[in-house]
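In what follows, a single structure is set out as structure tokens and then discussed.
These numbers were taken from a predicted model, which means no experiment stands behind them. The figures that follow rest on heavy atoms only: side chains count, while hydrogens, waters and symmetry mates do not.
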Amino acid sequence: MIGSLLAAVASSVGYGVSTIVQAVGARRARGLGAVLQPLVVAAFVLDGVAWLLSLAALDHLPLFVVQAVIAASLVVVVLLARVVLHATVRPLDVAAVVAVVAALVVVAAAGGEQPAVHPPAGFDGTTIAAAVVVAVATVAAYRSGPPVLLAVLGGLGYSIAAIAARAAHADGDLLDTVLQPLAIPIVVGGGAGALAYLRALERGSVGTAAAIVSVIEVVVPGVVGLTVLGDFVRDGWAVPAAAATAVALAGCVTLATSPANAAAESGDAPGDDGVRAETPTG
């Protein structure tokens, strides 16, 4: 359990650091040139490593724990944005950081170690179909869809990928995951989620998009894990877990609307004319 929890925390930190690294790199070039910036490339690598660490965490921890920890990457983003980008951090943000960290301790304690179980019959097909629906909806909404809709699709795409990863690990190691049908929703859901979220950041409010994605990628996988995949809350911890999850989500929403998060997601420090850099937080 400790190893899996450390992997989840490392994944969250990786996503947060990646956001800041990409923001700094994107401010050094415009257009397609930003993609070739060494820092931006390094951010993409960090995203990949963070994703692999999240898979490792899902091998022995329930979805509601792993997803809550990963959503807390906003803590890392806001703190680093203050130091690296000199972004504004409100007193409310400081309180939110403390609340999220404290809540995650309770959430982790409520979950405990839970090896993945085999999903019920029809799960693979349903998950693949859901990923395809989100991908098609993302393509349809990409050009002119409302930013809120795109953010919802982003959260759903990330959720499907996490759910599929949790179920896939019931059959073996990472290689087994790649070679089974659930690899399809992991890739399709994750890809659609990233595309929709980036577009939501481009067309709408950074804070609104980040808040929507943070809530969805905790709530949806958590509910599916508890009702379908055999995840459970330890005896006597149901109320504390629910309360802590609510506190963590409230804190993440607060941090998502922080000026520091907006500066990190846009790649602009206050008064800067840099280029927007969009990196998903989960």
Side-chain angles (χ1 to χ4, degrees), residues 5 8-20 23 47 50 54 57 61-82 87-111 147-148 150-159 161-162 193-194 196-198 200-201 204-223 225 240-266 278-282:
L5 188 57
V9 172
S11 175
S12 181
V13 172
Y15 280 128
V17 172
S18 170
T19 299
I20 298 300
D47 276 337
S54 72
L61 289 175
L63 276 162
F64 70 88
V65 172
V66 176
Q67 293 304 108
V69 172
I70 291 176
S73 63
L74 284 165
V75 169
V76 179
V77 171
V78 169
L79 294 179
L80 285 181
R82 173 67 182 89
T88 301
V89 174
R90 306 165 298 184
L92 181 61
D93 299 332
V94 177
V97 167
V98 174
V100 169
V101 172
L104 288 180
V105 173
V106 177
V107 170
V148 170
L150 289 163
V152 169
L153 291 172
L156 291 175
Y158 288 141
S159 296
Y197 181 54
L198 296 183
L201 290 176
S205 165
V206 169
T208 300
I212 290 173
V213 170
S214 294
V215 171
I216 290 177
E217 69 176 352
V218 172
V219 174
V220 173
V223 170
T245 299
V247 170
L249 286 175
C252 287
V253 169
T254 299
L255 295 174
T257 59
S258 168
N261 183 60
E265 293 286 7
S266 68
E278 300 129 348
T279 301
T281 56

All pairs passing salt bridge (charged side-chain N to carboxylate O under 4.0 Å, His left out) where residues 93-102 contributes a residue, at least two apart:
Arg90-Asp93
For the student: nearest non-hydrogen atoms of Val75 and Val97, plus distance
CG1-CG1, 3.7 Å
Minimum heavy-atom distance Ala210-Asn261, with the two atoms named
CB-ND2, 3.8 Å
Mind checking whether Val219 and Leu249 have side chains closer than 4.5 Å, heavy atoms only?
yes
Expected output: side-chain Thr19 to main-chain Tyr15 donor-acceptor under 3.5 Å
yes
So, using side chain to side chain donor-acceptor pair (under 3.5 Å) as the criterion, who are the partners of Thr245 when residues are at least two apart?
none
Closest contact, heavy atoms only, Val107 versus Ala244
CG2-CB, 3.7 Å
Using modelled atom types and a 3.5 Å cut-off, is there a donor and acceptor pairing between side-chain atoms of Ser12 and backbone atoms of Ala8?
no
Looking only at heavy atoms, which two atoms of Ala248 and Leu104 are closest? And how far apart?
CB-CD2, 4.5 Å
Flag the pair Phe64 / Val218 as yes when at least one side-chain heavy-atom distance between them is below 4.5 Å, and no otherwise.
no
Starting at SG of Cys252, measure out to CD1 of Ile70 and round the result to the nearest 0.5 Å.
11.5 Å
Measuring only between side-chain heavy atoms, which start at C-beta, is Ser214 closer than 4.5 Å to Leu74?
yes
For Ala50 and Ser11, the nearest pair of non-hydrogen atoms, with its separation, is O-OG, 2.7 Å
Taking all non-hydrogen atoms of both residues into account, name the closest pair between Ala262 and Val206 and its distance.
CA-CG1, 3.9 Å
Rounded to the nearest 0.5 Å, how far does OG of Ser73 lie from CG of Leu255?
10.0 Å
Among residues two or more places apart or on two chains, list those pairs meeting salt bridge (charged side-chain N to carboxylate O under 4.0 Å, His left out) that have a residue in residues 65-78.
none
